[in-house]
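Since we're looking at a predicted model, the values are computed, not measured. Just so it is clear: chains get the letters A, B, ... in the order the sequence lines come, proteins before strands, and each one is counted from 1.
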There are 4 protein chains.
Amino acid sequence: MTPPPERRRELLATAAEVFAAHGYKATTVRRIADEAGMLAGSLYYHFDSKESILDEILSTFLDELWDRYDAVLAAGLGPRETIEALVTESFREIDRHGPAVAIYQKESRHLAKQQRFAYLAESQERFEKAWLGTLERGVADRVFRADLDIRLAYRFLRDTVWVAASWYRPGGQHSPEEIARQYLSMVLDGIAVGENPEPTAKAHSDS
Amino acid sequence: MTPPPERRRELLATAAEVFAAHGYKATTVRRIADEAGMLAGSLYYHFDSKESILDEILSTFLDELWDRYDAVLAAGLGPRETIEALVTESFREIDRHGPAVAIYQKESRHLAKQQRFAYLAESQERFEKAWLGTLERGVADRVFRADLDIRLAYRFLRDTVWVAASWYRPGGQHSPEEIARQYLSMVLDGIAVGENPEPTAKAHSDS
Amino acid sequence: MTPPPERRRELLATAAEVFAAHGYKATTVRRIADEAGMLAGSLYYHFDSKESILDEILSTFLDELWDRYDAVLAAGLGPRETIEALVTESFREIDRHGPAVAIYQKESRHLAKQQRFAYLAESQERFEKAWLGTLERGVADRVFRADLDIRLAYRFLRDTVWVAASWYRPGGQHSPEEIARQYLSMVLDGIAVGENPEPTAKAHSDS
Amino acid sequence: MTPPPERRRELLATAAEVFAAHGYKATTVRRIADEAGMLAGSLYYHFDSKESILDEILSTFLDELWDRYDAVLAAGLGPRETIEALVTESFREIDRHGPAVAIYQKESRHLAKQQRFAYLAESQERFEKAWLGTLERGVADRVFRADLDIRLAYRFLRDTVWVAASWYRPGGQHSPEEIARQYLSMVLDGIAVGENPEPTAKAHSDS
DNA sequence: TATGAATGAGCTTTCATTCAT
DNA sequence: CATGAATGAAAGCTCATTCAT
């Protein structure tokens, strides 16, 4: 005997998976219904439109994400620890809402232009502020390297984390925390061994 | 009087931009035609179908990319230098064919399932072989850290590079080579200052 | 505790109002249910179908109307008095069943083609016979003008009366009898002052 | 070799007839297309939507109607002659655009609530001003009876005229001018013979 | 009596594609 | 080469209706 909100959540989860796998536009409402074991029209008993399903998936995900992020940002950690905590929370979010993150990754850029999804752009800004601010603090504290373009570093961190949603599958051999640790290790200390001060990219010249 | 192949290339470039901006499925053939200053039906004089436009964009991009990659791989460089060269070439490719790369990034996963786009999966495999092999060689040579999950590192490198296509705009303040250098600096040596042997991710524990 | 027939009548009244306001086709069964404070499905406990609701509204209205008309026609009045009585009864009917009359006005023409609503066409014929007969009798008795096209006069009278259902609201400042009196005054004696033997429509020539 | 606007006009005429016969809501786009000898989807090459077809039908009709009305109102005629001219123009309009008038008659009341069809409400107001003003002038000039409720007379005139669209068929035995003359004769001078000062409605008492 | 959930037919609309000119 | 007009399949959505509870 499942209470009504349960059914709704099931449908949203199903829809999120299909959206993530095939893209929002390419996903038919009928496909979602099939996957949920009902007819296309029946979905409209639960939701207003295909778009409102997408909306609910994305806003639910962002609400939850910001709950975690805000807790981290309010904890008064140092810059490095803040980055570590944000990355870890991000991978946990991928673990919990992988499909939602994948959809966000693929669709948010053009969705953000629409009135209805303006919150995506807002979230994006808060996002940027939080990460950029932490990186700047870290540079000031001499925890992060000063010779890097900080906006580039921000994009690098951001993408590095979220793009994982495209291949991560929950229940795999690595826990989200383990993946976070490895990612942080690479991002913070690099994949090269010890003391390599300068990359030698210029060594390779074009044809 | 421009020769036909020229017009074709223009149309492909236009189509690639629109596909990149809105997604393949969400892009209508009419939108492409509008952007090109013709009517939808007229596109069919130049191309068989919408899908064949996509096909030509992606295969052209991959052909060119592999030309460069093969040159790098045949040069007999060390593992670190190989990685540096591959990354540099990748950013140059983004510079030249940004939209094609963005499309590849967004659509290749589900396109690869189709017969017609099987070459995407093949390319993906060669890709993986080249990068993984180089990383393994680097670990053996003690150029890269041995304590990292090498498949994770591969995905990390791959995604880090290509995802840049989503924000990179040619003609900006950084040349592709400069961006490559910064990216490599982060990936190889990390963003943290000097001697941090261990990330402290475990410092942040969840409930 | 209201007896069932009472509830039924309430629902019919509600449905009639919504049908009248938005048209039969444009009215959803859910809208009626909303207005009645129940769910759409629940209406089907009381009625077989949306169409049967419409049927009951229209047939109830016509049954009642004919009761009154038959009484008038059986009363042996003169032509002018008959017309006056019919018009007065019509306005009373509008007062009592405004929405039903409005629905009849809007929908009867195409409904009459359906088997189920054949009684609309029959009623229409009896209607025509009663009014036309009275008018003819009036012309013969030299009570009504002989120079008018009698079928045109019939349509004129008929429409003049029923169309009032589209703006009449019960409880307004004029009683139905008062409106009937004014209408009859216009129809019988005209709106012009006294002795205007000939309209001068021909005075207006086209451009 | 018909020029493009011709095709458009044909389609609008076809659509208007179907809308008039079955009601806007009950008319399917497919039905219109059938009647026009094409497939439903093909209509969308010519029009944005079903609603925009309706819009174009109604606004075209009203534009034309007001051209005529304005000419009449600017002609400086006396009240009676103005009424005669307006009625005559109205019947001519019914003759030319019968279906449009029928649609207007049936649908304008609820359409006027929508933003897009606000011009219907505006037109309605101008309408009222023109007719009411003329009637008032006529009463002041002792051309029209002073003992009648002028708003009632206005509704009476207005409805009397337009409702004719529901039965009028062009090419019948009466020209629009002839019908106008008969209508005006009834409206101005009444259907009763000569000197009947008072209707005797009160002679019929209710049960 | 009424509800909640679903059905299924049919609707408006979109869009890749075709083709005579 | 390009246009204008159409096709036809499929999409999102609506809604009268059903039915177990």
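In this structure, C:Ser52 contributes its side chain and C:Ser49 its backbone to a donor-acceptor pair below 3.5 Å. In this structure a side-chain-to-backbone donor-acceptor pair under 3.5 Å is present from B:Thr27 to B:Gly23. C:Lys50 places a side-chain N or O within donor-acceptor distance of the main-chain N or O of C:Tyr24, the cut-off being under 3.5 Å. No side-chain donor-acceptor contact under 3.5 Å links B:Arg31 to the backbone of B:Val18.
Taking the salt bridge (charged side-chain N to carboxylate O under 4.0 Å, His left out) definition, one finds that D:Arg109 meets it with nothing, sequence neighbours left out. In this structure D:Phe61 satisfies the ring-ring contact (aromatic ring centres under 6.0 Å, His included) test together with D:Tyr104, sequence neighbours excluded.
The separation between D:Phe47 atom CZ and E:dT12 atom C1' is 15 Å, rounded to whole Å. Between the CG atom of A:Leu39 and the C1' atom of F:dA16 there is a distance of 15 Å, given to the nearest Å. Here F:dA6 presents its C1' atom at 12 Å from CG of D:Leu11, a figure rounded to the nearest Å.
Contact check of residues 14-21 of chain A against DNA chain E (heavy atom, cut-off under 4.0 Å) returns no residues at all.
In this structure, a donor-acceptor pair under 3.5 Å is present between the side chains of C:Tyr119 and C:Asp55.
Contacts classified as salt bridge (Lys or Arg N to Asp or Glu O under 4.0 Å) and involving residues 14-30 of chain C (residues at least two apart or in different chains) are not found.
Each of A:Met38 and C:Tyr45 lies near DNA chain E, and the nucleotide nearest C:Tyr45 is the one positioned closer to the 5' end.
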*Fill in the dot-bracket string of DNA chain E, one character per base: . for unpaired, | for a pair to another strand, ( ) or [ ] for pairs within the strand, taking Watson-Crick or G-U pairs under 3.5 Å.*
.||||||||||||||||||||
*For nucleotides 15-21 of chain E, just jot down a letter per nucleotide in 5' to 3' order: B, S or -, based on protein non-hydrogen atoms under 4.0 Å.*
SSBB---
